[in-house]
J.: 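The structure under discussion is supplied below as structure tokens; questions concerning it will follow.
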Amino acid sequence: MRLRSFFYFVCILLLAKGLYSQTSQRIFGFRGIVPGVQGQSINSMSIRSDGRYLFYSNKTAGFQALDLQDMATVGNAIAVNGIAFGVFLTSDTRAAVATANGVEYFNVTYPFAVTEESQKYTRDISSNTTVMDACMDSSQNIYFLEQGTASNHIVRVVNGLSQTALTNWSTIFSAAGSNFGNLNPVAIRCGAQGAFVLASQITNGSETGFWVAGVGALSMNAFDIVLANSLSNYQRTDFVLSQKKDQLIFLYNKIPANQTGITIDNSKAVFVSPSGSFSLNVGSSGKAVASFLDATQVFHGFFIGQDVITNPSNPPSNNFLFSQAENFTTAFQPSQFGTPGVGDASAGASTPSLWVSSANDHYKYGATESSGLVLISKAPLLQFVGNPQGQTLLGSQPLKFTLTSDSDVNYEFHIDSNADARGSSSGISTSAGTTIKAGTLSANTNTDFVLTASDVGLTLVKNYSLMIFARAPNDGPTGLTARTGFTFLFNPPPGPVTHFKLGFGDESAEASFGLPPSGNIATIILHFSYNLSDLDSLPSDTSSLAASARTVTILNGATLTSPIQIPIANWNGSYVIAPIENGKTIYVRPQLLDNSGQFSSNDPAALGVTVYRTLSIAEALGSANSCELQVNAKWDSSVLWLTFFGLLALFGIRRGSKNWAQHI
């Protein structure tokens with residue numbers, strides 16, 4: 001008994017060790033592309049503190065919000081006065097947008113129902129300069145980098161509705177002496193206080209120097225980082241502002257003509273701050289730099305084409321090397337990178353990259369020119385093969401998409417049919433909405449999915465998002481939930497008409513009915529015939545609609561053509577089919593067609609009615625004198641009127657009064 005108990009105890013320890021080992025193995029790395037902004041060229045972005053919404057601009061005169069819960073839902077563009085160069089959150093409910101013409105302020109409490117404040121700052125254009133970049137420091141000072149002619153470039157500072165400072169180019173780069181006129185403005189990046197100004201020195205069409213200076217409260221003399229770090233044979237690939245906003249991180253690659261095979265110094269990372277600069281070898285064929293927040297810790301990472309740092313003898317391709325920010329000093333050792341993560345070529349195609357992250361979400365978001373937003377995380381990779389964004393789910397057209405993961409994962413598909421169209425004030429929730437499907441994905445296997453209208457359980461015609469959540473069982477109970485999703489329009493076929501009734505009048509039949517509560521109805525279709533069997537089946541597409549046409553003979557050998565098509569704009573609740581020969585029985589059956597070419601389903605059965613000429617009172621009673629309708633002194637006038645209205649109700653007195661057949 002003791003031996004068996006010991007055996008079980010050892011098994012439990014081994015199992016726990018295995019689970020711990022599997023959980024601890026997952027590290028930061030490339031985790032796919034955000035579907036909602038795939039392919040967009042994002043030039044500025046800010047993230048809400050709870051990690052739920054990202055506000056961004058894409059070099060247009062407007063900005064938008066992206067819901068990071070499904071990675072897909074994007075709000076309508078909010079127009080601004082001029083190209084937006086910076087979208088900054090002054091709080092979780094207020095945004096400042098720096099444009100070519102000034103600064104505008106917006107209430108973003110509801111990210112998809114943004115309202116603009118009435119007051120704004122309008123830039124003074126007397127300087128004859130053009131805005132090319134902007135940033136905001138922690139005191140909500142907005143810095144504009146403006147390009148002029150003949151090196152008359154400036155940095156303008158705005159706080160609220162007022163300009164607070166303006167600094168000339170010659171002052172910013174006074175350390176360059178007379179050479180300041182050869183420096184072209186590139187970008188501006190705000191530190192906690194003040195800003196870094198970046199400028200490029202071009203000689204014979206090539207960048208021979210790259211200068212950095214400090215303005216505002218950021219005390220930093222201008223200097224050439226290329227010269228300071230012996231990078232004359234290197235080409236600048238990328239740069240980012242550190243997550244702490246205390247330094248700039250550059251990535252340089254050797255110019256191909258100066259490369260001699262793959263060596264550890266082919267790619268260099270350069271760290272620049274007010275205290276100085278230094279460079280480190282980070283491998284070969286560097287792609288991009290990232291700086292991101294994980295809980296309270298800041299990390300710097302590098303997407304590298306050839307990892308000769310952690311494995312110089314057999315360098316793997318496309319690795320992600322990272323370490324905590326405080327490790328990057330002149331004493332940094334390659335071993336401090338630790339185990340590399342998975343990199344991807346699509347993570348580096350832009351100069352410069354932009355990265356944002358929140359302490360309340362495990363994903364780190366990087367803007368790259370070629371692919372919109374890429375992801376860094378410790379969660380499993382969960383991404384689409386291709387981009388399914390923007391599909392339409394019809395009655396005959398399902399949603400189709402393909403998922404892949406780098407791990408075995410359990411997934412759930414969620415749809416929130418009651419999502420607030422204005423956006424949410426709450427953070428990310430992986431239990432939002434209703435689960436419509438669940439299952440497993442096998443690692444490194446493309447899995448195809450098809451969702452029909454009946455699968456999603458929706459009724460209203462509108463836009464929805466499919467939220468996809470996945471966890472790797474091997475990651476244990478604390479494993480991170482991966483997520484992705486896409487938006488789609490649900491447009492089912494129209495439902496049947498309601499309260500269908502058919503009445504008759506003199507030489508006419510009148511069909512009346514109500515319309516279903518939802519459905520983008522375009523056309524009312526009325527099929528009719530003297531033969532009930534002709535209406536046993538209705539057309540299901542536009543070609544069979546044309547084939548269903550029939551000629552119905554009416555008065556004096558004339559004809560009507562069935563079906564009759566009535567545009568929805570002309571529908572008033574009923575339609576009269578006329579003229580029809582009295583004494584004939586006609587059958588009518590309605591059908592609906594929406595603006596997607598879908599026909600209604602479960603249409604009511606045909607109703608029939610015999611058309612008669614309405615009789616006058618005299619005709620109904622036989623002759624004009626067949627009944628003595630003379631008022632007798634013994635008759636009370638109320639009796640006479642009651643008799644009169646009784647006859648009206650029984651026979652009708654006007655041409656075209658109707659009797660009804662009804663189908664509800």
J.: Side chains of Ile566 and Tyr575, heavy atoms from C-beta outward: is any pair under 4.5 Å?
T.: yes

J.: Which heavy-atom pair separates Asn58 from Gln64 by the least distance, and what is that distance?
T.: ND2-OE1, 4.0 Å

J.: Is Asp70 paired with Arg483 through a side-chain N to carboxylate O contact shorter than 4.0 Å?
T.: no

J.: Only one of Asp67, Ile47, Asp361 clears side-chain contact (heavy atoms from CB on, under 4.5 Å) with Arg52; which?
T.: Asp67

J.: More than 12 heavy atoms of other residues, nucleotides or ligands under 6.0 Å from CG of Asn76: yes or no?
T.: no

J.: Hey, which of Phe401, Phe469, Phe486 is the one that makes ring-ring contact (aromatic ring centres under 6.0 Å, His included) with Phe413?
T.: Phe401

J.: When Asn491 is tested against each of Asn463, Leu393, Asn595 for side-chain contact (heavy atoms from CB on, under 4.5 Å), which residue passes?
T.: Asn595

J.: Do Asn531 and Ser529 have side chains that get closer than 4.5 Å, going by heavy atoms?
T.: yes

J.: Exactly one of Ser540, Pro496, Pro539 should register a side-chain contact (heavy atoms from CB on, under 4.5 Å) with Gln591. Which one does?
T.: Pro539

J.: With heavy-atom distances below 4.5 Å as the criterion, would you say the side chains of Arg94 and Tyr105 are in contact?
T.: yes

J.: What is the minimum heavy-atom distance between Leu592 and Pro516, and which atoms define it?
T.: CD1-CD, 3.5 Å

J.: Which heavy-atom pair separates Pro590 from Phe513 by the least distance, and what is that distance?
T.: CB-CE2, 3.7 Å

J.: Under 4.5 Å between any side-chain heavy atoms of Ile577 and Val588, yes or no?
T.: yes

J.: State, to 0.1 Å, how close Val74 and Gly36 come at their nearest heavy-atom pair, and which atoms those are.
T.: CG2-O, 3.7 Å

J.: Answer yes or no for Lys584 and Tyr530: cation-pi contact, defined as NZ/CZ to six-membered ring centre under 6.0 Å and angle to ring axis within 45°.
T.: yes

J.: Counting C-beta onward and ignoring hydrogens, is there a side-chain heavy-atom pair between Phe599 and Asp594 closer than 4.5 Å?
T.: no

J.: For Ser425 versus Asp50, what's the shortest heavy-atom pair and its separation?
T.: O-OD2, 4.2 Å

J.: Indicate whether the side chain of Asp406 and that of Asn444 have a donor and an acceptor atom separated by less than 3.5 Å.
T.: no

J.: To the nearest 0.5 Å, what is the distance between CD1 on Ile436 and CG on Leu466?
T.: 5.5 Å

J.: In the structure I gave you, are the side-chain heavy atoms of Ile564 and Ile524 within less than 4.5 Å of one another anywhere?
T.: no

J.: Among side-chain atoms of Ser562 and His527, is any donor-acceptor pair under 3.5 angstrom?
T.: no

J.: Can you confirm whether Lys462 is buried at NZ, in the sense that more than 12 heavy atoms of other residues, nucleotides or ligands lie under 6.0 Å from that atom?
T.: yes

J.: Would you say the side-chain atoms of Arg589 pair up with the backbone N or O of Pro604, donor to acceptor, closer than 3.5 Å?
T.: yes

J.: Tell me, do Phe63 and Tyr56 make a side-chain contact under 4.5 Å, heavy atoms counted?
T.: no

J.: For a quick test of reading the model, state the closest non-hydrogen atom pair linking Val131 to Thr99 and the distance between them.
T.: CG2-O, 4.2 Å

